[in-house]
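Written out below as structure tokens is the structure these notes cover.
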There are 2 protein chains.
Amino acid sequence: MSQHVLIVEDEESLAQVLGEYLTQSGFISHIIIDGSQVVEWVKQNPVDLLILDLMLPGKNGLDIYRELRTFTDIPVVMATARIDEIDRLIGLELGADDYICKPYSPREVVVRVKNILRRSTDEMKMVDKILSINESTMQVLVKGKEVSLTRAEFRLLSHFHQHKEQVFSREQLMTQIYSDNRVVTDRTIDSHIKNLRRKIQNVDAEVDCIQSIYGVGYKFAL
Amino acid sequence: MSQHVLIVEDEESLAQVLGEYLTQSGFISHIIIDGSQVVEWVKQNPVDLLILDLMLPGKNGLDIYRELRTFTDIPVVMATARIDEIDRLIGLELGADDYICKPYSPREVVVRVKNILRRSTDEMKMVDKILSINESTMQVLVKGKEVSLTRAEFRLLSHFHQHKEQVFSREQLMTQIYSDNRVVTDRTIDSHIKNLRRKIQNVDAEVDCIQSIYGVGYKFAL
DNA sequence: CAATGACTTAATGGTTTTATGAAAATTCAC
DNA sequence: GTGAATTTTCATAAAACCATTAAGTCATTG
């Protein structure tokens, strides 16, 4: 579950401190001092983000960066002590990347790492920022506010959320909601839909994500 | 409600500007120019965070820092103009602390102050000051007061605490609690939950950390 | 625009699930 | 083995949920 951050930095004490900060924040960190090992490590191990010191003994940081980019898209935060490096970096295609100027504070780096990883992963679920669903906690957030749903409501919404835009008949929804093969009236679904809509719009009346398709069923869309 | 930030800085104009930024952001700031007064002030006045210039006339900043640490844990942001100071600082036990390199931008300092105070108030105080669990001593503190739990209760709470927010069925909880594969009624879990809640709320009736998810199970949340 | 079928909604009764207190069974220490 | 503590079960009350109904509203069609 935790995300892996690889620190490439020759000043070991600095890297150590940074690593501790990252661990404190729930990341798993690994430190590499020798630049020549970076590419190999990234190929062999899980790495979600890389903090790359550009001034390394042995191998040039930018070369490492370019080599990484030939086979992976993981975000890279580049660190440099020389101000004038920054200008060159800014010219780069800084996709999911970032850079920091040394000396940096560990706290600042952690903040950046969090931001980048949140952006890139945290997550497709937050895609719309309007509705997020967490299966394991059974938590539903509408515009950031928690909405408490019953089991049937949660299953319904969850199924809708996983199949955006798709239209479902009431029969289909029933079989999705109930594990047993119980048979209920069509109106039952209507009823749950009604309650769902009410609870969601209770948070924000603007949100109208469950649409009725006349004569067919319902669909979810934001 | 507002939090107090103490600025220790001999360049008065700089301190002034920073103070205004902080005020703007909702903090209450106070400036001390003479290093020899800092310890006394902190002892006598409310201070939630301290910005400490290390290059002070009269008294050395690091000495002040060490003296403060003998009686308080308030976070300290250390400011210094000399790069090489940074290295020494990194060696320090940077608990809730941070450092910045002069010349700094007031805006940046405000951001850091906010971050530090958010962390030390929200996170620490909310999450762990309410409930802390020590696996090795089997000690449980609720709002600082010890609660004596039976083994089953402790295992339950401990498992919950390690998996905050996650919903567990009674079956899952049973297998978590029992090493052997004994089979017990669902109601057994209810019973333990009941006792747990009672013991916890015996300390503070406000604390309601075990929630029932109807038709599913229980989850822990603060 | 009237008729018809489809959707919405609130209320209700019944069902399932949970809370709780107390009793029975088990475990543990002595 | 005895007694106290703990665990489990049980019975009942309370709460939450769900399916249905029925009445009202809306969309479609001729």
Side-chain angles (χ1 to χ4, degrees), chain A residues 138-140 146-160 167-202 205 207-221, chain B residues 138-140 146-160 167-202 205 207-221:
Chain A
M138 276 196 61
Q139 241 185 0
V140 174
E146 183 167 355
V147 181
S148 102
L149 300 182
T150 69
R151 197 175 21 168
E153 289 157 10
F154 184 84
R155 292 226 180 113
L156 252 185
L157 188 60
S158 179
H159 179 252
F160 271 132
V167 181
F168 294 100
S169 72
R170 289 172 175 72
E171 284 72 22
Q172 287 176 308
L173 292 173
M174 278 192 253
T175 61
Q176 279 299 331
I177 285 181
Y178 306 117
S179 44
D180 51 357
N181 283 26
R182 89 216 272 183
V183 177
V184 291
T185 318
D186 277 6
R187 302 295 120 247
T188 301
I189 297 296
D190 297 23
S191 199
H192 288 305
I193 295 280
K194 177 204 62 165
N195 293 328
L196 254 181
R197 294 210 259 230
R198 176 173 49 77
K199 286 183 179 179
I200 289 172
Q201 299 194 335
N202 225 13
V207 181
D208 174 32
C209 55
I210 302 177
Q211 296 162 17
S212 340
I213 311 299
Y214 193 94
V216 187
Y218 294 99
K219 85 167 182 180
F220 175 91
Chain B
M138 273 196 61
Q139 247 188 354
V140 174
E146 183 166 356
V147 181
S148 102
L149 300 181
T150 69
R151 199 174 24 173
E153 288 156 10
F154 183 83
R155 291 232 180 108
L156 253 185
L157 188 60
S158 176
H159 179 254
F160 272 133
V167 181
F168 294 100
S169 72
R170 290 172 173 73
E171 283 71 21
Q172 288 176 309
L173 292 173
M174 280 191 242
T175 60
Q176 279 299 331
I177 286 181
Y178 307 119
S179 44
D180 51 357
N181 284 27
R182 92 215 272 179
V183 176
V184 290
T185 317
D186 276 7
R187 302 290 125 245
T188 302
I189 297 295
D190 296 30
S191 202
H192 288 305
I193 295 278
K194 176 195 59 175
N195 294 328
L196 254 181
R197 293 211 258 230
R198 177 173 46 76
K199 286 184 179 178
I200 289 173
Q201 299 196 332
N202 224 14
V207 180
D208 174 31
C209 55
I210 302 177
Q211 297 164 15
S212 348
I213 311 298
Y214 189 96
V216 187
Y218 294 97
K219 86 169 177 180
F220 175 93

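Predicted model, so just to flag it, every value in this text is computed and none were measured. Here is the naming used below: chain letters follow the sequence lines, and residue numbers restart at 1 for every chain. What's counted below: heavy atoms across the whole structure, side chains too, no hydrogens, waters or symmetry copies.
- Enclosure of atom CZ in B/Arg187 by more than 12 non-hydrogen atoms of other residues, nucleotides or ligands within 6.0 angstrom is indicated.
- A/Ile210 and A/Phe220 get closest at one heavy-atom pair: CG1-CD1, 4.4 Å.
- Contact detail for B/Ala152 and B/Ile177: the closest heavy-atom pair is O-CD1, 4.2 Å.
- Taking 4.0 angstrom as the limit, B/Arg197 places a side-chain polar atom (N or O) nearer than this to OP1 or OP2 of C/dA19.
- Scanning residues 168-185 of chain A for heavy-atom distances under 4.0 Å to DNA chain C yields A/Arg170.
- Relative to the side chain of A/Ser191, the nucleotides C/dT20, D/dT20, D/dT8 differ in distance, and D/dT20 lies closest.
- Taking CZ of B/Arg170 as the start and CG of B/Asp190 as the end, the distance is 4.0 Å to the nearest 0.5 Å.
- The residue from B/Leu173, B/Asn195, B/Thr150 that alone fulfils the side chain to side chain contact (heavy atoms under 4.5 Å, CB included) condition with B/Leu156 is B/Leu173.
- In the helix from C/dC1-D/dG30 to C/dC30-D/dG1, the terminal helix axes, each the rotation mapping four pairs' C1' atoms onto the next four within five end pairs, subtend 40°, rounded to 10°.
- Contact detail for A/His192 and A/Tyr178: the closest heavy-atom pair is NE2-OH, 4.0 Å.
- Residue order along DNA chain D, read from the 5' end via each residue's closest nucleotide, puts B/Thr188 first among A/Thr188 and B/Thr188.
- Distances shown here put every side-chain N or O of A/Arg151 at or beyond 4.0 Å from the OP1 or OP2 atom of D/dC17.
- Nearest heavy-atom pair, B/Val167 versus B/Gln172, reported as atom, atom and distance to 0.1 Å: O-OE1, 4.0 Å.
- Closest contact between the side chain of B/Ala152 and the listed nucleotides C/dT8, D/dT7, D/dC18 involves D/dT7.
- With values rounded to the nearest 0.5 angstrom, B/Arg155 atom CZ is found 8.0 Å from B/Met138 atom CE.
- A distance of 9.5 Å separates CD of B/Gln176 from OG of B/Ser158, quoted to the nearest 0.5 Å.
- OP1 or OP2 of D/dC18 lies within a sub-4.0 Å distance of a side-chain N or O belonging to A/Thr150.
- One finds a side-chain N or O of A/His192 lying less than 4.0 angstrom from the OP1 or OP2 phosphate oxygen of D/dA19.
- Exactly one residue among B/Val147, B/Leu149, B/Ile193 makes a side chain to side chain contact (heavy atoms under 4.5 Å, CB included) with B/Leu157. That residue is B/Leu149.
- Closest-nucleotide positions on DNA chain C for B/Ser212 and A/Arg198 were compared, and the one nearer the 5' end corresponds to A/Arg198.
- Using a 30° and 60° split on the angle between ring planes, A/Phe168 and A/His159 fall in the tilted class, from 30° to 60°.
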Heavy-atom protein contacts under 4.0 Å, nucleotides 23-30 of chain D, coded B base, S sugar-phosphate only, - none: ----BS--
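- Across all strands, A/Ile189 comes closer than 4.0 Å to no nucleic acid atom at all (heavy-atom distances).
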